[in-house]
Engineer: 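My questions all concern the structure below.
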Amino acid sequence: MEIGPGIRRIGKGLVNSYLVETAGEVTIVDAGAPSYWGDLPRELAAMGRSLDEVRAVVLTHGHTDHIGFAERIRRERRTPIFVHELDAALARGEVPNPAKGFGPVRIAPLLSFLAFSVTHGLLRIAPIREVSTFGDGATLDVPGSPRVILVPGHTPGSAVLHFPRHDALFAGDAIATHSVTTGVDGPRIPPFTADPEQALASLSRLDGLEAGSLLPGHGQPWTRGVAEALAAVRAAATGVTG
Ligand SMILES: [Zn+2]
Ligand SMILES: [Zn+2]
């Protein structure tokens, strides 16, 4: 579905993969679930593009629900997969997931997320055999020229990607607008975060940044500004609201 000019999303908002188009070329931000591979040609066609114009997959971090079809597109199309250097081993399946525990849970949303995981192939993720890595502050030489902001905590190599020309900030799991384990909407530190305190502290790196849309790994787009999103995350974390 269309998210904004030059941006489409695969998935209904539970697990997100984004297509970002500029000058006829496409960068995929996060590869969602393996089953999204089947949706990709149609989403590309809706932009007037095809797999031939996908230049890169950039991962916000190395969790399986963001790796999705990455190994498949790498293997079949030789599309390079980019991830922060601190999450490269995780993306290659060489180290265990640093995040433990669900945190608070409500049974119905958790069960529907588990059902989604089963039906969309999330329990059978192919690790990525080869990744290209980037560091903090890099501007990536891929369509849209995203700038990398390292925000460790959810995972050590979690990165937010700022696409200035699209006025969009891809937050990965640094900020979610929907919790898959509680069903609660609104900007939050998501579940499955390795070090929630560090994740919260890292958000100070986004202070002062402006973007018309904040696009999370889980949940719907946030269009009320980065500052308001950060305030909501901090309020939720300190129990001031919700
Ligand atoms: Zn994650
Ligand atoms: Zn995730």
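What you see below is based on every heavy atom in this structure, not just the backbone, and it leaves out hydrogens, waters and symmetry mates. Both counts, for ligands and for their atoms, begin at 1 and track the order of listing. Residue numbers count from 1 along this sequence. Everything quoted here is computed from the prediction, not taken from an experiment.
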Engineer: Can you tell me if His61 and Thr155 form a side-chain donor-acceptor pair at under 3.5 Å?
Structural biologist: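 Judged by distance alone, the side chains do not pair up.
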Engineer: Please determine whether a side-chain nitrogen of the Lys or Arg among Arg147 and Asp141 lies less than 4.0 Å from a carboxylate oxygen of the Asp or Glu.
Structural biologist: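 So Arg147 does not pair with Asp141 through a salt bridge.
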Engineer: Under 2.8 Å from the Zn ion (ligand 1), is there an N/O/S atom belonging to Asp65?
Structural biologist: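 Not a single backbone or side-chain N, O or S atom of Asp65 is under 2.8 Å from the Zn ion (ligand 1).
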Engineer: Check whether Asp39 reaches the backbone of Ile10 with its side chain - one donor and one acceptor, N or O, closer than 3.5 Å.
Structural biologist: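 Here the side-chain-to-backbone pair does not exist.
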Engineer: Tell me which N, O or S atom of Asp173 sits nearest to the Zn ion (ligand 2).
Structural biologist: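 This turns out to be OD2.
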Engineer: Rounded to 10°, how many degrees is the angle NE2/His154-the Zn ion (ligand 1)-NE2/His61?
Structural biologist: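 With the Zn ion (ligand 1) as the vertex, NE2 (His154) and NE2 (His61) sit 100° apart.
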Engineer: How is the N/O/S atom of His63 that comes nearest to the Zn ion (ligand 1) named?
Structural biologist: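 For His63, the N, O or S atom at the smallest distance from the Zn ion (ligand 1) is ND1.
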Engineer: Hey, are Asp173 and His66 close enough side-chain-wise for a donor-acceptor pair under 3.5 Å?
Structural biologist: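 Per modelled atom types, His66 and Asp173 side chains form a pair under 3.5 Å.
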Engineer: Kindly determine whether Val15 and His218 satisfy side-chain contact (heavy atoms from CB on, under 4.5 Å), including the steps that lead there.
Structural biologist: CA-CA 5 Å; Val15 172; His218 306 278; 4.0 Å; yes
Engineer: Is His66 close enough that one of its N/O/S atoms sits under 2.8 Å from the Zn ion (ligand 1)?
Structural biologist: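 No, since none of the N, O or S atoms of His66 sits under 2.8 Å from the Zn ion (ligand 1).
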